[in-house]
Number of protein chains: 2
Amino acid sequence: MSRAPRKDGIANREKILVAALRTLQRDVTAPMAVVAQEAGVGAGTLYRHFRDRNDLLAALQVRSISMVLALVEEILSRDLSGIDAVHEFLVRTVRHGPDLFLSYHGAPKTSDPEYLRLEKGVWDGVHEFVVHGIADGTLRADLTAHDVIIFGSLIAVPLPGVDDWPAVAGRQIDLFLAAARAG
Amino acid sequence: MSRAPRKDGIANREKILVAALRTLQRDVTAPMAVVAQEAGVGAGTLYRHFRDRNDLLAALQVRSISMVLALVEEILSRDLSGIDAVHEFLVRTVRHGPDLFLSYHGAPKTSDPEYLRLEKGVWDGVHEFVVHGIADGTLRADLTAHDVIIFGSLIAVPLPGVDDWPAVAGRQIDLFLAAARAG
DNA sequence: GCTTAAACGGACGATATTCTCCGGTATGGT
DNA sequence: ACCATACCGGAGAATATCGTCCGTTTAAGC
């Protein structure tokens, strides 16, 4: 039998992910040694948890997309009108911005199959919002899930140098919804 | 008296900028040696034209923003309605995408004063579009230059992994304009 | 408690990147 | 044509980063 995982191992993995997020969001080229230091662990520990730099970047992306998927499913479980669902999706994506690390931060998009699977889940969920919204008459008939996902991806990551991104993104969301609304 | 600049010097500087654009757009972390090779010059030549890596990145950003400013001024010189001017600005910004290298590519935003001066010029020009458009009744009264510039910045750089960005961005522009239109 | 496997830290070898230096070459001025 | 000088290429010293190894520490199972 294999033993139960050690709690210091689990805690360190978590500390590394948190530190890597903060550090690499600010600068994708930050050396691994800096990530390790920020996490308060040795370099060896970092490399034991993540085979190499790419593995760490992939883990951050998987973690991010799974957060987005969770959010999509939570919205689906409520029974909102189409336009409210899209609004919630966009607002909450922006709100999660600080916890997300996606390819737009300059890292190459991972080809991890787990990532692709989760990404497809997000796609399907948003598709459901949109179809429902067209049926219930709250969204214009030619709106697509593609439109919403592209826009969401654009505002998910703060534009460098812009203060108060939530407010700025909120304004862009309002404009987008004005265009997406039926009629 | 100083001599006229040598033409091989001027040509090499240009070759370096073109190669750096292509190479660093694809991967901001590409080593200087790769840029030099792509440009077909030696490393020494590269460093003679650009003090160091940051200087090269700054030069690319200055070049980019000045292209955008040129475009803004060209639009101002014509006498378009407000909404047409905004449309032109957005479409042409996307069309220039492949020639642009801005901080959203992962490089830190330069603090070069020349860059900031040009950026302000872009701001002022777009402000003029918008004020004019509100006055002529083609743009909604609460639209701001800020709204347009933020949106333009978002779509200027292709989202990684998206095919046919011009088409996708074009669709986002249509949605934006639907929201920006008066009435 | 005691044993044992799992996890840790940080020094270290291998590799990659940056930037400099200098012998040689092409160009502008006369 | 010839000189003076601005420019070139690429080897290589200095530095930075990656990823591994191993003696030590910590936690799980009994």
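A, B, ... follow the sequence lines: proteins, then strands. Residue 1 opens every chain.
Proximity of a side-chain donor or acceptor of B/D136 to a complementary backbone N or O of B/G82 within less than 3.5 Å is detected. Remark: side-chain polar atoms of A/T138 are paired, donor with acceptor, to backbone N or O of A/I83 under 3.5 angstrom. When atom types are taken as modelled, the side chain of A/D55 and the backbone of A/F50 share no donor-acceptor pair closer than 3.5 angstrom. With A/H132 contributing its side chain and A/E128 its backbone, the two residues share no donor-acceptor pair below 3.5 Å. Between the side chain of A/E88 and the backbone N or O of A/I75, no donor-acceptor pair lies under 3.5 Å. Between the B/E73 side chain and the B/G125 main chain, no donor and acceptor come within less than 3.5 Å of each other.
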Please produce a list of atom pairs where a protein N or O lies less than 3.5 Å from an N or O of nucleotides 10-12 of chain D.
{"from": "D/dG10", "atom 1": "O6", "to": "B/G44", "atom 2": "N", "distance (Å)": "3.2"}

Could you go over nucleotides 28-30 of chain C and give all protein N or O partners under 3.5 Å, atom names and distances?
{"from": "C/dG29", "atom 1": "OP1", "to": "B/A4", "atom 2": "N", "distance (Å)": "3.2"}

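What separates NE2 of B/H49 from C1' of C/dC19 is a distance of 16 Å, to the nearest Å. A/M32 has its CE atom 15 Å from the P atom of C/dG9, to the nearest Å. With rounding to whole Å, A/E38 atom CD is found 18 Å from C/dG9 atom C1'. Distance, B/L56 CG to C/dT17 C1': 15 Å, rounded to whole Å. Rounded to whole Å, the distance from CZ on B/F50 to P on C/dT20 is 15 Å. C/dA6 atom P lies 24 Å from atom OH of A/Y47, rounded to whole Å. In this structure, A/L46 places its CG atom 15 Å from P of C/dA7, rounding to the nearest Å. Rounded to a whole Å, the CD1 atom of A/I10 is 9 Å from the P atom of D/dA28.
The ring-ring contact (aromatic ring centres under 6.0 Å, His included) pairs that include a residue from residues 6-49 of chain A number zero, where partners must be two or more places apart or lie in different chains. Under the ring-ring contact (aromatic ring centres under 6.0 Å, His included) criterion, no residue pair touches residues 59-93 of chain A, with sequence neighbours excluded.
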Throw together a table of side-chain donor-acceptor distances under 3.5 angstrom for residues 147-172 of chain B, partners on residues two or more places apart or in other chains.
{"from": "B/D147", "atom 1": "OD1", "to": "A/R171", "atom 2": "NE", "distance (Å)": "3.2"}
{"from": "B/D147", "atom 1": "OD1", "to": "B/T144", "atom 2": "OG1", "distance (Å)": "3.4"}
{"from": "B/D147", "atom 1": "OD2", "to": "A/R171", "atom 2": "NE", "distance (Å)": "3.0"}
{"from": "B/D147", "atom 1": "OD2", "to": "A/R171", "atom 2": "NH2", "distance (Å)": "2.8"}
{"from": "B/D147", "atom 1": "OD2", "to": "B/T144", "atom 2": "N", "distance (Å)": "3.1"}
{"from": "B/D147", "atom 1": "OD2", "to": "B/T144", "atom 2": "OG1", "distance (Å)": "3.2"}
{"from": "B/S153", "atom 1": "OG", "to": "B/Y104", "atom 2": "OH", "distance (Å)": "3.4"}
{"from": "B/S153", "atom 1": "OG", "to": "B/I149", "atom 2": "O", "distance (Å)": "2.8"}
{"from": "B/W165", "atom 1": "NE1", "to": "B/I155", "atom 2": "O", "distance (Å)": "3.0"}
{"from": "B/R171", "atom 1": "NE", "to": "A/D147", "atom 2": "OD1", "distance (Å)": "3.1"}
{"from": "B/R171", "atom 1": "NE", "to": "A/D147", "atom 2": "OD2", "distance (Å)": "3.0"}
{"from": "B/R171", "atom 1": "NH2", "to": "A/D142", "atom 2": "O", "distance (Å)": "2.9"}
{"from": "B/R171", "atom 1": "NH2", "to": "A/D147", "atom 2": "OD2", "distance (Å)": "2.7"}
{"from": "B/Q172", "atom 1": "NE2", "to": "A/D147", "atom 2": "O", "distance (Å)": "3.1"}

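A residue-by-residue look at A/G9 and B/A30 shows that A/G9 has its nearest nucleotide of DNA chain C further toward the 5' end.
In this model, the phosphate group of C/dC8 is approached by a side-chain N or O of A/N12 to a distance below 4.0 Å at OP1 or OP2. Put simply, B/R53 has a side-chain N or O that comes within less than 4.0 Å of OP1 or OP2 on C/dT18.
Expressed to the nearest 0.5 Å, how far OG of B/S66 lies from CG of B/L71 amounts to 11.0 Å.
A salt bridge links A/E14 with A/R63; the closest basic N to acidic carboxylate O contact falls under 4.0 Å.
Remark on the helix from C/dG1-D/dC30 to C/dT30-D/dA1: inter-end axis angle 40°, axes from five-pair C1' superpositions, rounded to 10°.
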